[in-house]
Structures are given as structure tokens and as C-alpha cells.
Protein chains: 2
Amino acid sequence: MNLENINNYVPDPTVRRLSHYKFLLENMKKEGRLIVSSTLIAKELGFDSIQVKKDIQYSGIVGQPKKGYKISELLAGIDEILNWNKVEKAILIGAGSLGTALMQYNGFKEIGLNIVASFDNDHKKVGKFVNGIEIIEMDRLEVAAKIMKIKIGIIAVPEESAQSCADKLIGGGIKAIWNFSPKIIQVKKDIIVENAQFIQSLALLTYKIRVNKI
Amino acid sequence: MNLENINNYVPDPTVRRLSHYKFLLENMKKEGRLIVSSTLIAKELGFDSIQVKKDIQYSGIVGQPKKGYKISELLAGIDEILNWNKVEKAILIGAGSLGTALMQYNGFKEIGLNIVASFDNDHKKVGKFVNGIEIIEMDRLEVAAKIMKIKIGIIAVPEESAQSCADKLIGGGIKAIWNFSPKIIQVKKDIIVENAQFIQSLALLTYKIRVNKI
DNA sequence: TAGATTGTTAATCGATTAACAATC
DNA sequence: TAGATTGTTAATCGATTAACAATC
């Protein structure tokens, strides 16, 4: 473990929950609320209040006994941990239905993820724009990624081409890959890979259906 | 904990990994391979071989020392655990870009999830078909769900309407919800909810980018 | 046989949960 | 004040990892 980062370590389950606190707190802020207790967050999200308190500890934000935490401070703390207070450019591979859905989703900008271009090898799609994002020929990926100094690549292609896409992204200097294909990709260990496969999530759902005899 | 199910208990992280073994093993089967060792599975997926061995134990499948496990037996065991050997009907709410992507994806049928209809309150979309799936008026959801005896509902609508969609699904007799909206929905405790929010996954990616100073 | 792999039990690690004093 | 909530330390729980005999 890297000693320099030891104080920044946050468990993965906590990171996942923090993303939910973010959305809840943004809504509360919009409604004009200023202070929130761990009890209320827990109640709204169906979590345990002790767990919420523990999660908040990682942000370093301190609250006031009897009152709770300042929502603005909590939001700033969460954005800091999740790195959502900086804008990061990303490119997307695969302008199929899933890729299109990702381009259409406007929520990414709010948390600092800016999809600047997409790539596809279907010539019918090349040159078109989806939600302001151009679809570019696949062959130009590596050069474009290098010129734009992109660090994040998003893979939204079928299983068969996921590995070759990952190789191209890495060839283009990408450091982090968000993989939506069901394929586990092989990369050098200095490349960060996060799998967003919803098949994993479906496996949990169908497993629970069986166990609960529904 | 339910004693009747105690022998069927499988940890969530194992369930997630099993879904990956499934895809890897299906590919190996296609290539004509009959036997596989935990070492090879681990190597292909970047997992630990001891962990793979442990995961396989949950399926009850026994292997042969020195040789490994029969791929066909492993696949049957995984399908059994994940409940992927039965066909389950599901309905989808929200025929936007994400809903469309889900309807276009043909991989669900292979694991027994059959999306039989989708619902949307946009009259321009109602009556159209996406990949053979009809888009039906929202008002007809509850009655349709009851008639078709649907147990699984998929939510692919914006955050604001996620809760009301969940209520409608439950009103229609649905027992399990696969939620793609960033909203944590409130349900009675006998309803199974699985969240497929990719924002959670993005949080992990951007967190790792910060910690690794990429 | 030798060596790789399985099967199983034990040790370790880390996240969750509990407990409780301090605080406003 | 009384009581709810924070902050922090300890206990528990469960998943991962290690160890090793059994096996072909």
C-alpha cells in the first residue's frame, strides 16, 4: 500500500454509497435545506445510520452534536473524495445503442465527466453527432486521444472487440478505462479498469429471486 | 437467516464473479475445450486462483485433482446458482435512450431474461416496436403486469419519476425491481431491488484516478 | 513417480455493527 | 435540562487468503 495515499484510503463500498449521498444531498440543497443528520440520510436511502456516520468520517467533515452536518460541506467533501470537483475529458468507443445512451445522458457533466468524442467503425455513423458529440472513424482514435491528451476511455462495444478496443485506447495513452462490455479486459497493471457490466447486477437480482423463492 | 436457504447462501462478491465465469466458460466451450482448472480461469480473468476454487465450491461441482473441472458441469452449476436456467418475463419502464439500449441488447435472452413489453408516457413512442418489443401506454402498466403475471420490472426513467414507477410496478404485482435510475427507491421489504446505477461504478473509477494521481 | 491441482480447514484482513462518552 | 446526535474506540462478522493433506 502506498503510504502517501494511506490517509486517503476509502473502502470501495463507502465510495459506492457516497455517490448516493451526493444525489440525495443535491436534492435537499435544492429544497433549501442547510443541515442534515446521519439519521435522516440513512432513513432516506434505507441504509444504517451508523454506517452513514462512518462513511462521512472518511470525508473529514465534522458535524455538530444534536444538529448534524452542513450539506454544503458534505457535498464539497464527497466531491473531493470522488474527484468530482474537476472536469475530466473522456472518449467513448462504440456508437451503438448503449454508446448512444451514454452520449445522451447529461448527468455526467454535473460530476465532471466530459465525453468529447466517440469512435465507431461503421461508416454510416461516422460524421454524425449525438447530443453534440461527434462520431469519428475508429482509425483516428489513437492519434486523436494523444492530441487531446485524454485519460479516460469508455468501452461500449460487443464482447468480441472489447480487448482490441482496450489495446487501442492504451495505445492512445489512456490511463483509465470504464468498461461496459461483459468481457474482462487484460491490461498492464498501471491502467485502471472499472467494469460497469450490468450483467453482474442482473446476476445478483436473479440469484436473490431464486433464494427468496419468488 | 432462513435455515431452508442456508445451504444455498452465496456471498454477493461470489455471485458477481460467477457471472464472469459464465461468459468465459461459454467461450471456452465454443472453442471445444472440455476441462478447465481454477488456475486457468484465474489467469484469464485476472482473479486469484484460490478465490476461483472457493467460488466454485459454492456450486457444489467437484473436480478432479491434477485435471480440473468439467466445463459443462460448471456451467450447469453456475446457471443453477444464478437462476439462469429458467426463463423469467420482465417489463421495462422508460423507452428513452437507456431503455432502448436495454431492449436492443439480445444477451438477456441467453440467460433467461425475456423483456416482453415496455411502457412510456410519450404518445409519440406508444405503439412502436423496438427489437420486437412493443412500447405501451403507461396507464396500462398495472393491468398488463397483472394479466401477464410479470415478476420483474426494469426502471429506466429519470430520477424524478423512479419512485412513482416503482409504486406502479408494485401495484401491478411485481416482486423484483432492476433499477437503472440514480434514485434509491423505497419499497416494502418483501420486494427485491437491485440497483444497476452506473454512477456508482463511475464513482469508483474517478476515486481511483484521484488516489493514483493519474 | 513427480508435480499440479483439488478439497478443506485455519488464519488473516477489513468492513460493518455496537457501545458509549462528549456535546449542544 | 433532557435528549438527540456526533465522534471514536471496541467487538463482531464475513470474505479473502494461506496452508496443507489427498489425489490422479
Side-chain angles (χ1 to χ4, degrees), chain A residues 1-2 5-21 25 28 33-71 73-74 77 81 200 203-204 207-208 211, chain B residues 1-2 5-21 25 28 33-71 73-74 77 81 200 203-204 207-208 211:
Chain A
M1 196 170 287
N2 190 336
N5 292 323
I6 195 89
N7 290 321
N8 284 323
Y9 173 76
V10 180
D12 284 5
T14 295
V15 169
R16 286 199 194 89
R17 285 189 297 267
L18 287 174
S19 71
H20 290 296
Y21 302 166
L25 294 170
M28 287 178 167
R33 184 181 267 275
L34 297 173
I35 304 279
V36 71
S37 71
S38 57
T39 323
L40 183 60
I41 294 176
K43 187 172 160 268
E44 289 290 323
L45 298 181
F47 296 158
D48 185 80
S49 72
I50 298 162
Q51 192 169 56
V52 172
K53 213 164 48 163
K54 196 86 180 171
D55 287 342
I56 289 173
Q57 276 197 323
Y58 287 103
S59 73
I61 301 300
V62 291
Q64 279 190 299
K66 190 172 174 178
K67 298 174 106 184
Y69 306 87
K70 283 189 186 162
I71 289 178
E73 288 184 4
L74 276 186
I81 289 178
Q200 270 185 26
L204 279 167
Y207 161 74
K208 286 175 193 161
V211 171
Chain B
M1 192 171 289
N2 189 338
N5 291 322
I6 194 90
N7 291 320
N8 284 324
Y9 173 76
V10 179
D12 284 4
T14 295
V15 170
R16 286 198 194 91
R17 285 190 297 268
L18 287 174
S19 72
H20 290 296
Y21 301 166
L25 295 171
M28 286 178 167
R33 184 181 267 277
L34 297 174
I35 304 279
V36 70
S37 70
S38 57
T39 323
L40 182 61
I41 294 175
K43 187 172 160 267
E44 290 290 322
L45 298 180
F47 295 159
D48 185 81
S49 71
I50 297 163
Q51 193 169 55
V52 172
K53 212 164 50 165
K54 197 84 179 171
D55 287 342
I56 289 173
Q57 275 198 323
Y58 286 103
S59 72
I61 300 301
V62 292
Q64 277 190 299
K66 192 173 173 177
K67 296 174 109 184
Y69 305 87
K70 282 191 189 163
I71 289 179
E73 288 184 3
L74 277 185
I81 289 177
Q200 269 185 26
L204 279 168
Y207 161 74
K208 286 176 193 160
V211 171

If pairing requires Watson-Crick or G-U wobble contacts with both distances under 3.5 Å, which nucleotide is the partner of D:dT16?
-> C:dA11
Given that both distances must come in under 3.5 Å, which nucleotide forms a Watson-Crick or G-U wobble pair with C:dC24?
-> D:dG3
Rounded to whole angstrom units, what separation is found between the [atom1] atom of [X] and the [atom2] atom of [N]?
| X | N | atom1 | atom2 | answer |
| --- | --- | --- | --- | --- |
| B:Asp12 | C:dG14 | CG | P | 20 Å |
| B:Gln64 | D:dC24 | CD | P | 7 Å |
| B:Ile56 | C:dT8 | CD1 | P | 13 Å |
| B:Phe47 | D:dT17 | CZ | C1' | 16 Å |
| A:Leu40 | D:dT6 | CG | P | 10 Å |
| A:Lys66 | D:dT5 | NZ | C1' | 10 Å |
| B:Ile50 | C:dT9 | CD1 | C1' | 13 Å |
| B:Ile41 | C:dT6 | CD1 | P | 9 Å |

CD on B:Gln64 to OH on B:Tyr69, rounded to 0.5 Å | 11.5 Å
Working to the nearest 0.5 Å, report the span between CG of A:Leu34 and CE of A:Met28.
-> 12.0 Å
OP1 or OP2 of [N] versus the side-chain N and O atoms of [X]: is any pair under 4.0 Å?
| X | N | answer |
| --- | --- | --- |
| A:Arg17 | C:dT16 | yes |
| B:Gln51 | D:dT16 | yes |
| A:Tyr69 | D:dG7 | yes |
| B:Thr14 | D:dA15 | no |
| A:Tyr9 | C:dA15 | yes |

Which residue, B:Lys54 or A:Asp55, contacts DNA chain C at a nucleotide closer to its 5' end, judged by nearest heavy atom?
-> B:Lys54
Sorted by position of nearest nucleotide on DNA chain C, 5' first, the leading residue of A:Pro11 and B:Gln57 is B:Gln57
Regarding the side chain of A:Lys53, the nearest nucleotide among C:dA19, C:dT17, D:dC24 is C:dA19
Taking the side chain of B:Pro13 as heavy atoms from C-beta outward, which of D:dA15, D:dG7, C:dG7 is closest to it?
-> D:dA15
Just do the side chain to side chain contact (heavy atoms under 4.5 Å, CB included) check on A:Val10 and A:Asp55 with the steps written out, would you?
-> CA-CA 9 Å; A:Val10 180; A:Asp55 287 342; over 6 Å; no
For B:Lys208, does the NZ atom sit with more than 12 other heavy atoms under 6.0 Å from it, leaving out its own atoms?
-> yes
Give A:Ser38 one of three labels, base, sugar-phosphate or nothing, depending on what nucleic acid heavy atoms sit under 4.0 Å from its own.
-> sugar-phosphate
Please check if the side chain of A:Tyr21 supplies one atom and the backbone of A:Leu74 the other of a donor-acceptor pair under 3.5 Å.
-> no
